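Dropping a structure here in structure tokens format, bear with me for questions.
Below, chains carry the letters A, B, ... as their sequence lines are ordered, and counting in each starts from 1. The shown structure was predicted, so the numbers you read here are calculated from the model rather than taken from an experiment.
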Amino acid sequence: MRLYNTLSRSEEPFSPGPDNTVRMYTCGLTVYARGHIGNFRTFVCVDVLRRTFKYLLGYRVKQVVNFTDVDDRTIAGALKAGMDLRSYTDQYIAAFRDDARSLGLEPAEETPRATDEANLRAMASMIAALDKNGHTYRSDGSIYYRISTLPAYGRLARLDHEGMKDGARVDSDSYAKEDARDFVLWKGHRDGEPSWEFPQLGVTPGRPGWHIECSAMALRLLGESPIDIHAGGVDLIFPHHENEIAQSEGATGKPFSRFWIHVEYLIVDEQKMSKSLGNTYTISDVVAKGFRPSAVRLLLLSAHYRKQLNFTWDSLAAMEESLRRLTDFLARLGAVTRAGMHAEVSARVDEARKQFVDAMQDDLNTAAALGAIFELVRYLNSAIDSGQLGTGDVPGIRDTFAQFDRVLGVLSLRQAEDDRPPVPVDEIERLIEERHAARRRRDFAAADGIRSGLAARGVLLEDSAGATRWKRK
RNA sequence: GGCGCCGUCGCCAAGAGGUAAGGCAGAGGUCUGCAAAACCUCCACCCCCGGUUCAAAUCCGGGCGGCGCCUCCA
């Protein structure tokens, strides 16, 4: 598989580590608010990456996705809500898990939170290691990283500090630093803020800086560096990932991660979707508008992960239609009764499978992979129409679509949604029977009445030669 | 001011030297009690101007336009 590595700014062949295992870390959500679909673009793309590893390439995956549950915003939010930090952030972690489930994300092997005791201790140990290696200094009770002690600093982001001028906003952090580029490892205690200390490690009362948690948790849970992949949104390249590298490499003296994968922004109204801009949509917003999470998932996979994707309600509606085409096809396949098996069919299926695999291995080209699937669907639909597809062909086709879906995770998600129609299934079936009776006595007004009545309630009926099928609108 | 990405049909989007995948929408048709689904047909010289080449949407140069990073952010 070829993957684009931000570190080298080029595609590189990727292979797993020992034991055929891929150890990957994904920067997760800061849990002061519900995640929006821009956040989920990253998580869905990384989910497809891990599925590609597992189901297409046969690797094992150990993935860590963290929750940042202590920072300025979570502290402020908890204070405002009159809750303790832990229970305040609990709500958003629960919401994240709900949204993740509705988008069909496979659970990561580890989902640590920064304020877990073991993680705080790992951060303190890392700070102690940085102390030992001469990368730190203290000021006003806080602990800082002295960037000048790490010549390689800036390799990931490739920022030219000489070039930073007028347009660049200056660091507004209200902690005292020697150099604008230095960053906080541990923020000194302030009244009203949660505080931890590890005196035996030289860590005085305070709380973690943002960057330290990812470095510490990644190495604690994934083992020795370098890990195989570190992933996140493009906005994390600087300063977050650059600083993670500084911390990890300053502490261990070894490279932190072999690959750095960054997912581009989801934009909306020609601007990035971000909480600070206030133009965000959540999964529940989408559902309230009558769309389904499966359509969101497909939309997020419809463009290459390294290209900005402009979110519009129209494109989401188009995804609903595309998905319908796919599930209609699968339903049609189940209704095939003609016997026989056809070499041409299996050749076309094999070809599509190969195109799919090639596309996914080409830096996760989900858009091209989807193209191969739709092309196959059109071919197979026309084969059904012309009687060139028989029951003997069906299992192989089903296997292939199952493989597509293990990787993309969108069809089964859709089908699970379809299994929960707005009208109870037994009622739908009863009405279909009534309508059959009406049609048999050629009372088409009554038959059409039943059909439009169900349609108004979100259930569509389709007649074919043998039977009537229902589906969600 | 520095750095980066992008501009392909009405909309979304692959393709990255060999003559434009796919989805949605639209038009016409086949099938059907009517619908729906499905199928068939139609629907792009790839932002502009130069250059390199037998050949460029793809490479180079210059424009124009959009987005992003250099601040917390997926």
Subject >> Closest-nucleotide ordering on RNA chain B, the 5'-leading residue of Val234(A) and Ile267(A) >> reply: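 With Ile267(A) and Val234(A) compared, the 5'-side residue is Ile267(A).
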Subject >> Nearest listed nucleotide, side chain of Phe238(A), among C70(B), C67(B), A74(B) >> reply: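 Nearest to the side chain of Phe238(A) among the choices is C70(B).
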**OP:** Would you please determine if the base of G23(B) is stacked by Phe374(A), with stacking meaning a centroid separation under 5.5 angstrom and planes under 30 degrees?
**Re:**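 Given the distance and angle limits, no, they do not stack.
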Original post:
What does Gly28(A) touch in the nucleic acid at a heavy-atom separation under 4.0 angstrom: a base, only the sugar-phosphate, or nothing?
Top reply: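 Answer is sugar-phosphate: Gly28(A) comes under 4.0 Å of backbone atoms only.
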**OP:** Check if the side chain of Arg451(A) and the base of A35(B) share a donor-acceptor pair of N or O atoms closer than 3.5 Å.
**Re:**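 In this structure, the two groups form a donor-acceptor pair.
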Subject >> Sugar-phosphate only, base, or nothing, as touched by Ala367(A) at under 4.0 Å among non-hydrogen atoms >> reply: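 Result for Ala367(A) = base.
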**OP:** Could you give the distance separating C40(B) and C48(B) at their C1' atoms, to the nearest angstrom?
**Re:**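 Straight-line distance between the two C1' atoms is 38 Å.
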Original post:
So what does Glu462(A) hit on the nucleic acid, given a heavy-atom distance under 4.0 Å: a base, only sugar-phosphate, or nothing?
Top reply: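 Touches a base.
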Original post:
Is there a donor-acceptor contact under 3.5 Å from the side chain of Ser464(A) to the main chain of Ala467(A)?
Top reply: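 Yes: the side chain of Ser464(A) pairs with the backbone of Ala467(A).
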Subject >> Any Lys272(A) side-chain N or O less than 4.0 Å from OP1/OP2 of C69(B) >> reply: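 For Lys272(A), the contact criterion (side-chain N or O under 4.0 Å from OP1 or OP2 of C69(B)) is met.
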Subject >> G2(B) to A20(B) separation - P atoms, rounded to the nearest Å >> reply: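 So the two P atoms sit 41 Å from each other.
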Original post:
Base, sugar-phosphate, or nothing for Leu460(A), non-hydrogen atoms under 4.0 angstrom?
Top reply: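 Result for Leu460(A) = nothing.
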Original post:
For Arg332(A), which contact category applies under a 4.0 Å heavy-atom criterion: base, sugar-phosphate, or nothing?
Top reply: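 The residue Arg332(A) makes sugar-phosphate contact but no base contact.
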Original post:
Which part of the nucleic acid, if any, lies within contact of Arg441(A), taking any heavy atom under 4.0 Å across all strands shown: a base, the sugar-phosphate backbone alone, or nothing?
Top reply: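 Result for Arg441(A) = nothing.
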Original post:
When all nucleic acid strands are considered with a 4.0 Å heavy-atom cut-off, which category describes Thr30(A): base, sugar-phosphate, or nothing?
Top reply: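 Sugar-phosphate: the residue Thr30(A), judged by heavy atoms under 4.0 Å, touches backbone atoms but no base.
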Subject >> Sugar-phosphate only, base, or nothing, as touched by Leu299(A) at under 4.0 Å among non-hydrogen atoms >> reply: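 If one applies the 4.0 Å heavy-atom cut-off, Leu299(A) turns out to touch nothing in the nucleic acid.
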**OP:** Would you mind telling me which residue lines up with the more 5' stretch of RNA chain B, Lys307(A) or Ser382(A), judged by nearest nucleotide?
**Re:**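 Comparing both residues, the 5'-ward one is Lys307(A).
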**OP:** Answer with base, sugar-phosphate or nothing: what part of the nucleic acid does Asp448(A) contact at a heavy-atom distance below 4.0 Å?
**Re:**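 Since a base atom lies under 4.0 Å of Asp448(A), the category is base.
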Original post:
Looking only at atom C1', what distance separates A13(B) and C49(B), rounded to whole Å?
Top reply: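 Roughly 27 Å separates the two C1' atoms.
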Subject >> Identity of whatever pairs with G61(B) - Watson-Crick or G-U, under 3.5 angstrom >> reply: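 Pairing partner, where one exists within any strand: C49(B).
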Subject >> Nucleotide forming a Watson-Crick or wobble pair with C34(B), both distances under 3.5 Å >> reply: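 Here C34(B) is not engaged in any pair, so there is no nucleotide opposite it.
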Subject >> Rounded distance in Å between the P positions of G62(B) and U58(B) >> reply: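 Looking at atom P only, G62(B) and U58(B) are 16 Å apart.
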**OP:** Establish whether the base of G33(B) is bridged to the side chain of Arg439(A) by a donor-acceptor pair shorter than 3.5 Å.
**Re:**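 Such a pair is found, so the answer is yes.
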**OP:** Searching all strands shown, indicate the nucleotide that pairs with G1(B) (Watson-Crick or G-U wobble; both distances under 3.5 Å).
**Re:**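 Across all strands, the one nucleotide that pairs with G1(B) is C70(B).
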**OP:** Name the nucleic acid region contacted by Gln355(A), choosing base, sugar-phosphate or nothing; use a 4.0 angstrom heavy-atom cut-off, strictly under.
**Re:**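 Contact class for Gln355(A): none.
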**OP:** Please confirm whether any donor atom in the side chain of Asp463(A) sits under 3.5 Å from an acceptor in the base of C34(B), or the reverse.
**Re:**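 Check passes, donor-acceptor contact within cut-off.
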Original post:
For G26(B), what is the paired nucleotide under Watson-Crick or G-U wobble rules, both distances under 3.5 Å?
Top reply: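 With both distances under 3.5 Å, G26(B) matches C42(B).
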Subject >> Arg325(A) side-chain N/O to A38(B) phosphate OP1/OP2 under 4.0 Å >> reply: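 Indeed, a polar side-chain atom of Arg325(A) lies that close.
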**OP:** Scan every strand shown for a Watson-Crick or G-U wobble partner of C9(B), both distances under 3.5 Å, and answer none if you come up empty.
**Re:**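 Its partner is none (no Watson-Crick or G-U wobble pair with both distances under 3.5 Å).
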Original post:
Do side-chain atoms of Asp363(A) reach the backbone of Leu3(A) as a donor and acceptor pair under 3.5 angstrom?
Top reply: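 No, the answer is negative, given that no donor and acceptor are paired below the 3.5 Å cut-off.
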Original post:
Please walk me through it: do Leu85(A) and Thr74(A) pass side-chain contact (heavy atoms from CB on, under 4.5 Å)?
Top reply: CA-CA 7 Å; Leu85(A) 186 65; Thr74(A) 50; 3.8 Å; yes
Original post:
Expressed in whole Å, how much space separates the C1' atoms belonging to G26(B) and C11(B)?
Top reply: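 Straight-line distance between the two C1' atoms is 12 Å.
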Original post:
Judged by atom type as modelled, is there a donor-acceptor pair below 3.5 Å linking the side chain of Lys354(A) to the main-chain atoms of Val349(A)?
Top reply: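 No, the answer is negative, given that no donor and acceptor are paired below the 3.5 Å cut-off.
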**OP:** Output yes when at least one side-chain N/O atom of Tyr265(A) is less than 4.0 Å from OP1 or OP2 of C69(B), else no.
**Re:**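 So the side-chain polar atoms of Tyr265(A) do come within 4.0 Å of the phosphate oxygens OP1 or OP2 of C69(B), strictly under.
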Subject >> Whole-angstrom distance between C6(B) and G50(B), as gauged at atom P >> reply: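 Nearest-Å result for C6(B) against G50(B) at atom P: 24 Å.
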Original post:
Just to confirm, is there a sub-4.0 Å distance from OP1 or OP2 of C39(B) to any side-chain nitrogen or oxygen of Asn381(A)?
Top reply: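 Yes, within the criterion.
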Original post:
Does a distance-only test, which skips hydrogens and angles, find a donor-acceptor pair under 3.5 Å between the side chain of Asp235(A) and the base of G68(B)?
Top reply: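 No.
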Subject >> N or O in side chain of Arg378(A) less than 4.0 angstrom from G22(B) OP1/OP2 >> reply: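 For Arg378(A), the contact criterion (side-chain N or O under 4.0 Å from OP1 or OP2 of G22(B)) is met.
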Subject >> Closest nucleotide among G33(B), A13(B), C72(B) to the Arg435(A) side chain >> reply: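 My answer, after comparing the listed nucleotides, is G33(B).
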**OP:** Would you please indicate yes or no on a ring centroid separation below 6.0 angstrom for Phe356(A) and Phe404(A)?
**Re:**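 Ring centroids of Phe404(A) and Phe356(A) are less than 6.0 Å from each other.
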Original post:
With a non-hydrogen cut-off below 4.0 angstrom, is His304(A) in contact with a base, only sugar-phosphate, or nothing?
Top reply: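 Sugar-phosphate: the residue His304(A), judged by heavy atoms under 4.0 Å, touches backbone atoms but no base.
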**OP:** Go ahead and name the base partner of A16(B); Watson-Crick or wobble counts if both distances stay under 3.5 Å, otherwise write none.
**Re:**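 Partner of A16(B): none found under 3.5 Å.
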**OP:** Establish, yes or no, whether a centroid distance under 6.0 Å links the rings of His262(A) and His241(A).
**Re:**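 Close enough - the centres of the two rings lie under 6.0 Å apart.
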Original post:
Under 4.0 angstrom, heavy atoms only, what part of the nucleic acid is Leu309(A) near: base, sugar-phosphate, or nothing?
Top reply: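 Sugar-phosphate contact only - Leu309(A) comes under 4.0 Å of backbone atoms but never of a base.
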**OP:** Quick one: do His189(A) and Glu193(A) satisfy side-chain hydrogen bond (donor to acceptor under 3.5 Å, both in side chains)? Show the steps, please.
**Re:** CA-CA 7 Å; His189(A) 175 64; Glu193(A) 292 187 354; 5.7 Å; no
Original post:
Between atom CD1 in Ile432(A) and atom C1' in A36(B), what is the gap in whole Å?
Top reply: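 It is 13 Å, rounded to the nearest whole Å.
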Original post:
If the C1' atom of G15(B) is compared with that of A57(B), how far apart are they to the nearest Å?
Top reply: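 Here G15(B) and A57(B) have their C1' atoms 9 Å from each other.
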**OP:** Using the P atom on both, measure C9(B) against A14(B) and round to a whole Å.
**Re:**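 It comes out at 13 Å once rounded to the nearest Å.
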Subject >> Parallel, tilted or perpendicular, as decided by the 30° and 60° cut-offs, for the rings of Phe14(A) and Phe259(A) >> reply: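 Rings of Phe259(A) and Phe14(A): perpendicular, over 60°.
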Subject >> Short side-chain N/O contact to G66(B) OP1/OP2 from Asn310(A), under 4.0 Å >> reply: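 Answer is no, no contact under 4.0 Å.
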Original post:
Do Trp186(A) and Tyr144(A) pass the ring pair (Phe, Tyr, Trp, His ring centres under 6.0 Å) test, and can you show the C-alpha distance, the side-chain angles, and the key distance before you say yes or no?
Top reply: CA-CA 7 Å; Trp186(A) 194 258; Tyr144(A) 296 91; over 10 Å; no
